[in-house]
2 protein chains.
Amino acid sequence: MNKRERHQAIREIIGSRVVGSQEELRVLLHEAQWDVTQSTLSRDLREMRVARMPTPEGPRYVSPEHLGDGAADDRTLIEEVLPQFFSSIDGVTELLVLKTIYGGAQPVAEAIDDAGWKEVVGTIGGENTILIVCRSPAARETLEKRLLKIAEG
Amino acid sequence: MNKRERHQAIREIIGSRVVGSQEELRVLLHEAQWDVTQSTLSRDLREMRVARMPTPEGPRYVSPEHLGDGAADDRTLIEEVLPQFFSSIDGVTELLVLKTIYGGAQPVAEAIDDAGWKEVVGTIGGENTILIVCRSPAARETLEKRLLKIAEG
DNA sequence: CCGACCCCTGCAATAATATGCATTATGGGT
DNA sequence: ACCCATAATGCATATTATTGCAGGGGTCGG
C-alpha cells in the first residue's frame, strides 16, 4: 500500500501500452501485484493529472508530461554545432563558461551532454551561455582546450 | 448545422474558460446560438481529440496542444515530481547536477526551491539539467543522498 | 422526380468515472 | 506503547460519457 510507487507503476503502464479505462488499468495493475479498486485509480489519475483522450480507436490515458516526447529528434554532434555557434570560452575552478551566438547555447549544451565526456558533471544552457560543471579544475583545463580545438573547426 | 464552425466555437470556449463536463459545454454553446445535444459533443470532442484532465478542482477539457500546460501547475511536491522525472545525479564540491528527462528540469527545480532545504543556496534549471548550488560539500553529499532516495520513490 | 447513399444528429440504453461516507492504515507526539 | 490527527481506501451510488439505432436532410446519377 504505497501510493507513490503505485503512481509510478501506473505511469509505466500507461506509458508503454494503450489503456482505455480505469477497469482495464486495474486489471493490468493486478497482474503486477497491485490490488486496488477503480475508485482508487480514479483518485490516482486525478492526482497525477493523467488525461483521458478520446480517439477514433477509443479513449486512452496519457500523461501530460510525456506528450512532447514524439518531438525528440536526432542527436547533434559537437563537431558540427560548436564551430557554427562558438563565441568564447572561460572558466574558474571546476566551472567552465562557454558563450555562443544567440540561440546557440541549447544545441551546443545538448551536444556536449551527448558526447559523454567524463570530465563533465553537467551542463546548463541559457540563450547564449552554457555553464559546464567539471569534475575538477584539471578536468576543466582539459575540457577547455578540447572545446577550443573543436571550435576552430 | 456546420460541424467545422462548431468545432471552432468549441475550441474557443474550452480555450478561454474552464469547462468540466459536456453538459456544461452544451449550455455555453447554447448561449452562443449553437444548439446540439451532449451526444453530439461527445462525438465532436473525440474528433477534435480534446482530452479531459482531472484536477483537484474538478475535471476540465483541454485541447491536445495545451495538454502539457497543467503538468507543472501546483505539483510542487518534490516527492511527487522527482520520481517521475529523475534521470541521474552527480556533483563536485558544493555543486550538485541533477538530470531529468527532457522538460523535467523546471518543475523539479521549482519543487526543490519550495522544499526550503537549508543545504540549498539556489537552483538553476535548464531543459533537462538542474544546477543546485549547495552550502558546502558536506551539504551536497547530504542532499545528494536525500534526492536519490526520493527519486526511487 | 426518384432512389441510393451518404453524413449528421437525437434519443435512450449502456459503460465509465467521480464521490459521499464509513473504515482502516500511517505517522507524530508524549 | 498509546492516542490522536490525517491520509488512504473500499463500497455503493451519483454523475458523466459513449454508443447502437433510427430518422432527417443533403447530393449525385439516372
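The sequence lines fix the lettering, A, B, ..., with proteins before strands; numbering per chain opens at 1. As the structure is a computational prediction, the values presented were derived from the model and not from experiment.
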Inset, instruction - Kindly say if B:T37 contacts the phosphate of C:dC11, meaning a side-chain N or O under 4.0 Å from OP1 or OP2. - result: no
Inset, instruction - Kindly say whether A:Q38 contributes a backbone atom to a donor-acceptor pair with the side chain of A:E23 at under 3.5 angstrom? - result: no
Legend entry - Heavy-atom pair with the smallest gap, counting every atom of B:R6 and B:W34: N-CH2, 3.6 Å
Inset, instruction - For B:L41 and C:dC8, give me the distance from atom CG to atom C1', rounded to whole Å. - result: 13 Å
Legend entry - B:R26 CZ - D:dA17 P separation (whole Å): 12 Å
Legend entry - Nearest heavy atoms of A:Y102 and A:N128, plus distance in Å: CA-CB, 4.0 Å
Legend entry - Polar pair under 3.5 Å, donor/acceptor by atom type, side chain A:S39, base D:dA12: yes
Inset, instruction - Look at the side chain of A:R135 and the backbone N and O of A:K118, then say whether any donor-acceptor pair between them is shorter than 3.5 Å. - result: yes
Inset, instruction - Scan A:S42 against the nucleic acid and name what it touches under 4.0 Å (heavy atoms): base, sugar-phosphate only, or nothing. - result: base
Legend entry - d(CZ, A:R60; P, C:dA16) in whole Å: 16 Å
Legend entry - Rounded distance in Å - CD (B:E24) to P (D:dT15): 15 Å
Legend entry - Touch class at under 4.0 angstrom, heavy-atom based, for B:R52 against every strand present: sugar-phosphate
Inset, instruction - Please state how far atom CD in B:Q22 lies from atom C1' in C:dA16, giving the value in whole angstrom units. - result: 12 Å
Inset, instruction - May I ask you to evaluate whether A:Y61 reaches the phosphate of C:dA16, defined as a side-chain N or O under 4.0 Å from OP1 or OP2? - result: no
Inset, instruction - May I ask you to say what B:D35 touches in the nucleic acid, namely base, sugar-phosphate or nothing, with a heavy-atom cut-off under 4.0 Å? - result: sugar-phosphate
Legend entry - Whole-Å gap separating P (C:dC7) and CZ (B:R6): 16 Å
Inset, instruction - Could you tell me whether B:R43 contacts a base, only the sugar-phosphate backbone, or nothing, with contacts defined as non-hydrogen atoms closer than 4.0 Å? - result: base
Legend entry - Euclidean distance, atom CZ of residue A:R46 to atom P of D:dA7 [Å, nearest integer]: 14 Å
Legend entry - Minimum-distance nucleotide (side-chain atoms of B:Q38 versus D:dA12, D:dA17, C:dG10): D:dA17
Legend entry - Spacing of A:K3 atom NZ relative to D:dT9 atom P, expressed in whole Å: 6 Å
Inset, instruction - Decide yes or no on salt bridge (charged side-chain N to carboxylate O under 4.0 Å, His left out) for A:E144 and A:R140, but give the supporting numbers first. - result: CA-CA 6 Å; A:E144 187 169 344; A:R140 188 206 95 222; 3.5 Å; yes
Inset, instruction - Tell me what B:S21 touches on the nucleic acid: a base, only sugar-phosphate, or nothing, going by heavy atoms under 4.0 Å. - result: sugar-phosphate
